[in-house]
Amino acid sequence: MDGPEGIRVVYDGVGKDTFESNLNSLGLGGYLVMYGQSSGYVPPFDLMKLQEKGSLFLTRTNGLPYMKYWPEYMENFQKWVANNSISIKIDHVYPLIDVAEAHSRMEDRNSVGRILLKP
């Protein structure tokens, strides 16, 4: 739940440029899950900030240790999609000839959900 007390979790694939603002947006006991660094690595910081800002949690994920489970994950994912346990939002489907338009839509952040290219 969001509110004046802050948000519960932020998933951050950007890194350096968004780290401080994401940390500041968290509420009491909030989680910051780092999974990328497209803007660069987060510089070293004092871990006491997590306590001072409200007993926050910070983690940095790495998918490589989980790769051995990939076949099981894909099997489960396919089952979930087949029985509508999970839904996938598709923003737009473009013919392959319109790949430049699809890229522009993503780059301009004018999409919500997946953008698909159809051959």
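Rounding to the nearest 0.5 Å gives a distance of 10.0 Å between CE of Met67 and OH of Tyr73. Atom-to-atom distance recorded for Ser25:OG and Glu20:CD is 11.0 Å, nearest 0.5 angstrom. In this structure, the separation between OH on Tyr41 and CZ on Phe19 is 15.5 Å, given to the nearest 0.5 Å. To the nearest 0.5 Å, atoms CG (Asn24) and CG (Leu56) are separated by 9.0 Å. Once rounded to the nearest 0.5 Å, the distance linking CD of Gln78 with CG of Asn83 reads 12.0 Å. The distance from atom NE2 of His103 to atom CG of Asp98, rounded to the nearest 0.5 Å, is 11.5 Å.
Between Arg105 and Glu101, none of the side-chain N atoms (NZ, or NE/NH1/NH2) sits under 4.0 Å from a carboxylate O, so this pair counts as no salt bridge.
Counting only distance, with no hydrogens or angles, the side chain of Ser111 and the backbone of Asp91 share no donor-acceptor pair below 3.5 Å. No donor-acceptor distance shorter than 3.5 angstrom exists from the side chain of Asp12 to the backbone of Met34, with no hydrogens or angles considered.
Closest non-hydrogen pair, Phe57 versus Gly29, comes out as CD1-O, 3.5 Å. Looking at every heavy atom in both residues, Ala102 comes nearest to Tyr94 through CB-CD1, 3.5 Å. In plain terms, the two heavy atoms of Gly15 and Ser39 that are nearest each other are C-OG, 3.7 Å. The minimum heavy-atom distance between Tyr31 and Leu26, with the atom names listed, is O-CD2, 3.4 Å.
Exactly one residue among Val42, Leu58, Leu50 makes a side-chain contact (heavy atoms from CB on, under 4.5 Å) with Leu23. That residue is Leu50.
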(request) Quick one: do Tyr11 and Thr61 satisfy side-chain contact (heavy atoms from CB on, under 4.5 Å)? Show the steps, please. (result) CA-CA 10 Å; Tyr11 297 95; Thr61 63; over 6 Å; no
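Counting non-hydrogen atoms of other residues, nucleotides and ligands closer than 6.0 Å to CZ of Arg60 gives a total above 12.
For the pair Asn76/Tyr69, no side-chain contact is recorded, criterion being any heavy-atom separation below 4.5 Å from C-beta on.
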